[in-house]
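The next block holds one structure in the form of C-alpha coordinates; read it before the comments.
It should be emphasised that the depicted structure is a prediction, and the values quoted were computed from it without experimental measurement.
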Amino acid sequence: MISKFTRSFLLSCIALLLIGSLFFLNPPIRIYHDAVNHAWFNEDGVDPSLQKPQPPPAPPQVEAGTVNGGVIMGKLGNETAKAELGRATWKLLHTMTLRFPETPTDDEREALRAYIHLTSRLYPCGECAEHFQKLLEEYPPQVRV
(Lines give C-alpha, C1' and ligand atoms only; values in the text may rest on other atoms or scores of the structure.)
Protein backbone atom coordinates (compact mmCIF):
# COMPACT_ATOMS: atom_id res chain seq x y z
CA MET A 1 0.00 0.00 0.00
CA ILE A 2 1.23 3.49 -0.88
CA SER A 3 1.45 6.07 1.89
CA LYS A 4 -0.65 9.27 1.80
CA PHE A 5 2.44 11.41 1.22
CA THR A 6 3.58 9.33 -1.76
CA ARG A 7 0.08 9.30 -3.24
CA SER A 8 -0.32 13.08 -2.90
CA PHE A 9 3.21 13.64 -4.25
CA LEU A 10 2.52 11.48 -7.33
CA LEU A 11 -0.84 13.18 -7.95
CA SER A 12 0.83 16.60 -7.66
CA CYS A 13 3.55 15.60 -10.14
CA ILE A 14 0.99 14.27 -12.63
CA ALA A 15 -1.11 17.44 -12.30
CA LEU A 16 1.94 19.65 -12.87
CA LEU A 17 2.96 17.54 -15.85
CA LEU A 18 -0.50 17.88 -17.41
CA ILE A 19 -0.64 21.63 -16.80
CA GLY A 20 2.89 22.05 -18.14
CA SER A 21 2.10 20.09 -21.29
CA LEU A 22 -0.73 22.53 -22.07
CA PHE A 23 1.85 25.30 -22.49
CA PHE A 24 3.88 23.21 -24.92
CA LEU A 25 0.82 22.23 -26.95
CA ASN A 26 -0.64 25.73 -27.00
CA PRO A 27 2.05 28.40 -26.42
CA PRO A 28 0.81 31.80 -25.28
CA ILE A 29 0.24 34.47 -27.93
CA ARG A 30 2.68 37.31 -27.56
CA ILE A 31 1.05 40.49 -28.78
CA TYR A 32 1.75 43.80 -27.11
CA HIS A 33 0.00 47.16 -27.30
CA ASP A 34 1.93 50.42 -27.31
CA ALA A 35 -0.18 52.83 -25.29
CA VAL A 36 1.58 55.90 -26.65
CA ASN A 37 1.33 55.17 -30.39
CA HIS A 38 -1.72 52.90 -30.14
CA ALA A 39 0.08 50.28 -32.24
CA TRP A 40 0.02 46.51 -31.87
CA PHE A 41 3.31 44.61 -31.78
CA ASN A 42 4.20 40.96 -32.04
CA GLU A 43 7.60 39.32 -31.60
CA ASP A 44 8.72 40.47 -35.08
CA GLY A 45 7.77 44.13 -34.60
CA VAL A 46 4.70 45.99 -35.78
CA ASP A 47 2.02 43.78 -37.24
CA PRO A 48 0.50 45.79 -40.14
CA SER A 49 -2.75 43.85 -40.01
CA LEU A 50 -3.29 44.94 -36.40
CA GLN A 51 -2.15 48.54 -36.76
CA LYS A 52 -4.67 51.35 -37.23
CA PRO A 53 -4.16 53.32 -40.44
CA GLN A 54 -2.53 56.63 -39.62
CA PRO A 55 -2.02 59.71 -41.72
CA PRO A 56 1.53 60.14 -43.03
CA PRO A 57 3.73 61.98 -40.56
CA ALA A 58 4.80 65.53 -41.19
CA PRO A 59 8.40 65.88 -42.33
CA PRO A 60 10.75 66.43 -39.41
CA GLN A 61 11.67 70.00 -38.68
CA VAL A 62 15.42 69.96 -38.16
CA GLU A 63 17.47 73.11 -37.83
CA ALA A 64 20.24 73.61 -40.35
CA GLY A 65 23.51 72.26 -38.98
CA THR A 66 21.90 69.86 -36.53
CA VAL A 67 22.45 66.81 -38.71
CA ASN A 68 25.80 67.82 -40.22
CA GLY A 69 27.77 69.18 -37.32
CA GLY A 70 30.86 68.36 -35.34
CA VAL A 71 31.50 65.57 -32.88
CA ILE A 72 29.88 66.12 -29.47
CA MET A 73 31.47 63.49 -27.21
CA GLY A 74 35.05 63.21 -25.99
CA LYS A 75 37.44 60.28 -26.35
CA LEU A 76 36.34 57.04 -24.67
CA GLY A 77 39.27 55.81 -22.59
CA ASN A 78 38.11 52.29 -21.73
CA GLU A 79 39.21 50.03 -24.62
CA THR A 80 36.91 47.18 -23.57
CA ALA A 81 33.87 49.46 -23.52
CA LYS A 82 34.97 50.96 -26.84
CA ALA A 83 35.13 47.50 -28.46
CA GLU A 84 31.73 46.46 -27.05
CA LEU A 85 30.21 49.74 -28.20
CA GLY A 86 31.58 49.22 -31.70
CA ARG A 87 30.17 45.70 -32.01
CA ALA A 88 26.78 46.76 -30.67
CA THR A 89 26.62 49.78 -33.01
CA TRP A 90 27.49 47.69 -36.06
CA LYS A 91 24.80 45.19 -35.10
CA LEU A 92 22.26 48.00 -34.75
CA LEU A 93 23.19 49.63 -38.07
CA HIS A 94 23.20 46.33 -39.98
CA THR A 95 19.87 45.25 -38.51
CA MET A 96 18.32 48.65 -39.25
CA THR A 97 19.44 48.67 -42.86
CA LEU A 98 18.36 45.05 -43.39
CA ARG A 99 14.86 45.85 -42.12
CA PHE A 100 14.66 49.12 -44.06
CA PRO A 101 11.84 49.12 -46.67
CA GLU A 102 12.72 48.04 -50.22
CA THR A 103 10.89 51.06 -51.66
CA PRO A 104 11.09 53.79 -49.01
CA THR A 105 9.29 57.09 -49.14
CA ASP A 106 11.23 60.34 -49.30
CA ASP A 107 10.57 60.84 -45.59
CA GLU A 108 11.94 57.38 -44.74
CA ARG A 109 15.06 57.98 -46.87
CA GLU A 110 15.71 61.30 -45.16
CA ALA A 111 15.06 59.78 -41.72
CA LEU A 112 17.68 57.07 -42.28
CA ARG A 113 20.19 59.55 -43.71
CA ALA A 114 19.65 61.91 -40.74
CA TYR A 115 19.92 59.03 -38.26
CA ILE A 116 23.27 57.92 -39.66
CA HIS A 117 24.64 61.47 -39.60
CA LEU A 118 23.31 62.09 -36.08
CA THR A 119 24.86 58.82 -34.94
CA SER A 120 28.21 60.07 -36.22
CA ARG A 121 27.79 63.22 -34.10
CA LEU A 122 26.43 61.60 -30.93
CA TYR A 123 28.58 58.45 -30.90
CA PRO A 124 29.89 58.01 -27.32
CA CYS A 125 33.51 57.66 -28.45
CA GLY A 126 34.65 61.00 -29.89
CA GLU A 127 37.67 59.50 -31.64
CA CYS A 128 35.47 56.90 -33.37
CA ALA A 129 32.86 59.57 -34.17
CA GLU A 130 35.47 61.67 -35.98
CA HIS A 131 36.54 58.63 -38.00
CA PHE A 132 32.88 57.84 -38.73
CA GLN A 133 32.31 61.40 -39.99
CA LYS A 134 35.34 61.19 -42.28
CA LEU A 135 33.98 57.94 -43.72
CA LEU A 136 30.57 59.57 -44.25
CA GLU A 137 32.21 62.44 -46.16
CA GLU A 138 34.04 59.98 -48.39
CA TYR A 139 31.16 57.48 -48.69
CA PRO A 140 27.81 59.21 -48.06
CA PRO A 141 24.86 56.94 -47.14
CA GLN A 142 23.05 55.58 -50.19
CA VAL A 143 19.43 54.88 -49.33
CA ARG A 144 17.32 52.84 -51.72
CA VAL A 145 15.57 54.65 -54.56
Q) Do Arg121 side-chain atoms and Gly70 backbone N/O form a donor-acceptor pair below 3.5 Å? A) yes

Q | Linked, directly or transitively: Phe132 and Met73 (ILVMFWY side chains, under 4.5 Å) | A | no

Q. Taking only residues two or more places apart in sequence, or in another chain, which ones meet Pro141 in a side chain to side chain contact (heavy atoms under 4.5 Å, CB included)?
A. Arg113, Ile116, His117, Leu136

Q: Identify the two heavy atoms, one from Val71 and one from Ser120, that lie closest to each other, and give their separation to 0.1 Å.
A: CG2-O, 4.4 Å

(Q) Just verifying a value: how many Å separate Arg109 CZ and Thr103 OG1, rounded to the nearest 0.5 Å? (A) 8.5 Å

Q | Atom of Pro124, atom of Leu76 and distance for their closest heavy-atom approach | A | O-CB, 4.3 Å

Q) For the side chain of Glu108 and the backbone of Thr105, is there at least one donor-acceptor N/O pair under 3.5 Å apart? A) yes

Give the table of side-chain donor-acceptor pairs shorter than 3.5 Å for residues 85-92, with sequence neighbours excluded, one pair per line with atom names and distance.
from	atom 1	to	atom 2	distance (Å)
Thr89	OG1	Leu85	O	2.8
Thr89	OG1	Tyr123	OH	3.4

Q) Which residues pass the side chain to side chain donor-acceptor pair (under 3.5 Å) test with Lys82, sequence neighbours left out? A) Glu127

Q. Roughly how far apart are Lys134 NZ and Glu138 CD, rounded to 0.5 Å?
A. 11.0 Å

Q. Considering residues at least two apart in sequence or located in another chain, which fulfil the side chain to side chain donor-acceptor pair (under 3.5 Å) criterion with Glu84?
A. none

Run the side-chain donor-acceptor check on residues 3-17: report pairs under 3.5 Å with partners two or more places apart or on a different chain.
from	atom 1	to	atom 2	distance (Å)
Ser3	OG	Thr6	N	3.4
Ser3	OG	Thr6	OG1	2.9
Arg7	NH2	Ile2	O	3.4
Ser8	OG	Lys4	O	3.1
Ser8	OG	Phe5	O	3.0
Ser12	OG	Ser8	O	2.8

Q: Check which hydrophobic residues are tied to Leu122 through side-chain heavy-atom contacts below 4.5 Å, counting indirect links as well, and list them.
A: Ile72

(Q) Suppose we screen for side chain to side chain donor-acceptor pair (under 3.5 Å). Which residues come up paired with Asn78, at least two apart in sequence or across chains? (A) none

